[in-house]
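Below is one structure; the comments refer to it alone.
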2 protein chains.
Amino acid sequence: MRLVIARCSVDYAGRLTAHLPLAPRLILVKADGSVSIHADDRAYKPLNWMSPPCTLKEGSGDDAGVWTVVNKAGEKLIITMAEILHDSSHELGVDPGLIKDGVEAHLQELLADRIETLGEGYTLIRREYQTAIGPVDILCRDADGATVAVEIKRRGEIDGVEQLTRYLDLLNRDPHLAPVRGVFAAQEIKPQARVLATDRGIDCAVLDYDALRGIEDDKLRLF
Amino acid sequence: MRLVIARCSVDYAGRLTAHLPLAPRLILVKADGSVSIHADDRAYKPLNWMSPPCTLKEGSGDDAGVWTVVNKAGEKLIITMAEILHDSSHELGVDPGLIKDGVEAHLQELLADRIETLGEGYTLIRREYQTAIGPVDILCRDADGATVAVEIKRRGEIDGVEQLTRYLDLLNRDPHLAPVRGVFAAQEIKPQARVLATDRGIDCAVLDYDALRGIEDDKLRLF
DNA sequence: CCCTACATTTCGCTG
DNA sequence: CAGCGAAGTGTAGGG
C-alpha cells in the first residue's frame with residue numbers, strides 16, 4: 001500500500017464526469033492496483049476512486065506529476081500532482097478478512113430453525129426456495145397447511161414488500177403451491193412498508209434477534 | 001489526517017457485531033474524528049469504520065494500544081494495536097469538493113427541454129410533479145392529449161419500474177389526469193426491467209445522453 | 001457472464 | 001427528525 005499526501009487536482013471521466021480542484025489530499029494506492037482519493041473528512045467514502053481491476057501509469061517527461069488510472073471499460077481517473085507532501089509504501093499482505101454476525105443470512109438461519117416463531121403449527125418447507133426471479137428467503141406451511149412465503153430483512157422498507165409481492169405473484173401461478181400467503185419479517189418495519197404490506201394482504205412480523213439467538217443458544221445448550 | 005500502519009485486531013459492536021483478526025492494516029483518522037480501517041485491496045470500502053460524529057480515545061496504562069471509537073448511538077469500534085509500523089499526521093484543510101456532471105438530475109433537465117424526444121407532439125406539463133408518495137420525474141402529454149408519467153433513470157432496473165408503477169396506480173385514481181400512461185426512460189434498460197415494464201404496459205425509452213446534450217448545446221448556441 | 005439481492009450500505013434532499 | 005430515492009453505489013453469490 002502506497003500513501004501519498006499531495007496537493008493535486010483530479011478529473012474523472014467514466015460513468016459521469018467529475019472534477020476536483022487543486023487541494024491537499026490523501027491518495028491511496030493499493031496492492032490490487034486500485035486508487036482512492038480522500039479528503040480529511042468522512043470515514044467511508046473517498047472523494048474519487050477507481051475500483052480494481054485497473055492500472056495506474058505515472059507520467060514522465062512532459063507528463064511528470066500526472067497519474068492516469070484506467071480500467072477495462074475505458075473509465076479514466078487523472079490525478080495531477082502539484083506538490084508531493086508525503087510518499088511512503090508499506091507491505092501489508094493479504095487480509096484474513098472480516099467475521100460478521102447479525103446480518104440477514106444469520107437472521108434467516110435462526111428463523112428457519114424456529115419457524116414456529118411466526119405462529120403455532122408452522123413448518124419449514126425450505127430456505128432459499130429458488131424461483132425464476134430469485135430466491136424466496138423461506139417457504140413454509142401454516143397450521144392449516146397453506147403455503148407461506150417469508151421475506152426477511154434487517155430493516156423492512158418498501159423495496160422488501162415489492163420484492164415479496166413479485167414472489168407471491170409468481171408462486172400463486174403454481175397450482176401445486178397456490179394459494180400462497182406472504183409474511184414480511186424484519187427486526188424493524190418502517191410504517192410506510194407496513195401500510196403497503198397490509199394493503200396487499202401481507203402479514204408483518206417483527207423479529208427479536210437477541211430472543212431468536214437466545215432460543216438458539218438454549219437449543220445448542222440442550223443438545 | 002493521521003495515517004497509522006499497524007498490526008492490529010478490531011472489534012465492532014453496533015448495527016452488527018464484527019471482528020478482524022490480527023493483521024497489518026492502515027488506520028485512517030480524519031479531522032472530523034472519523035476512523036476507517038483499510039486492507040491492501042478494494043479502493044472504495046474500508047474493512048471497518050466509524051462514521052462521524054464520533055470520538056476516539058487512545059487507552060493508556062493497562063489499556064495502552066487499545067483505541068476505542070464510540071458514537072452517539074452507542075456503537076463501538078475497538079482497535080487493539082499489536083505493533084505500530086508507521087504513524088504520521090498531515091494538515092489538509094477543508095476540501096473544495098467534487099463537481100459532478102451527468103447524473104439523473106441533468107438527464108431530467110435535458111429531457112424536459114426536449115420532451116419531443118419521446119415522440120412527436122409531446123408537451124411538458126411539469127418536472128418533479130408532486131404526489132403523496134413522492135415526485136414524478138416528468139409529467140407530460142402525448143400528441144393525443146393523454147397524460148404520460150415519465151420515470152428517468154441512468155440505469156433502468158426493476159426497482160425503477162416498480163416505482164413508476166406505484167406512481168401510475170396513484171395518478172390513475174385522479175379523474176383529472178386519468179388515463180395516465182407510463183414511460184420508463186434510461187440511458188440503459190436491463191432486459192428484465194424491460195420485460196416487467198412491457199408486461200405492465202409501460203413503454204421504454206433509451207436516452208442518448210450525448211445526443212440530448214448536443215441538442216441542448218445547439219439550442220444554447222442558437223439563442 | 002448476467003442477474004439478483006444485501007449492505008454497519010452512504011448520502012442528500014424534503015417535509 | 002423521519003422518510004425516500006440516488007449512488008460512478010460496491011460486493012457476494014447463484015445460474
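Lettering of chains follows the sequences in order, A, B, ..., and the numbering in each one begins at 1.
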Residue whose nearest DNA chain D nucleotide is more 5′ - B:Ile152 or B:Glu157: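 In this pair, the answer is B:Ile152.
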Between [X] and [N], is there a contact of a side-chain N or O with OP1 or OP2 at under 4.0 Å?
X	N	result
B:Gln163	D:dA6	yes
A:Tyr129	D:dG14	no
A:Arg15	D:dT9	yes
B:Arg155	D:dT9	yes
B:Gln192	C:dT4	yes

Between atom [atom1] in [X] and atom [atom2] in [N], what is the gap in whole Å?
X	N	atom1	atom2	result
A:Trp49	C:dC11	CH2	P	11 Å
A:His106	D:dA12	NE2	P	20 Å
A:Leu107	C:dA7	CG	C1'	14 Å

DNA chain D-proximal residues of residues 19-47 of chain B, any heavy atom under 4.0 Å: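 Close to the strand are B:Arg42, B:Tyr44, B:Lys45.
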Minimum side-chain heavy-atom gap A:Val161-A:Asp159 below 4.5 Å: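 They are not in side-chain contact.
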Inter-residue atom distance B:Glu109.CD - B:Leu212.CG, 0.5 Å rounding: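 Reported value, rounded in 0.5 Å steps: 12.0 Å.
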Same-atom distance ([atom1]) from [N] to [M], integer angstrom:
N	M	atom1	result
D:dA7	C:dA7	C1'	13 Å
D:dT11	C:dC11	P	15 Å
D:dG10	D:dA6	C1'	14 Å

Neighbour count above 12 (heavy atom, 6.0 Å) for B:Gln130 CD: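 Yes.
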With B:Arg126 via side-chain contact (heavy atoms from CB on, under 4.5 Å) - residues at least two apart: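 With neighbours one apart ignored, the set is B:Tyr129.
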Sugar-phosphate only, base, or nothing, as touched by A:Gln108 at under 4.0 Å among non-hydrogen atoms: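 The residue A:Gln108 makes no contact with any strand.
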Check against side chain to side chain donor-acceptor pair (under 3.5 Å), B:Arg2 and B:Ser89: CA-CA 4 Å; B:Arg2 183 174 175 191; B:Ser89 293; 4.6 Å; no
Lys/Arg N to Asp/Glu carboxylate O, A:Arg25 vs B:Asp95, below 4.0 Å: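 Result for this pair is yes, salt bridge flagged.
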Test: A:Glu162 and A:Lys153 ion pair at under 4.0 Å: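 Result for this pair is no, no salt bridge flagged.
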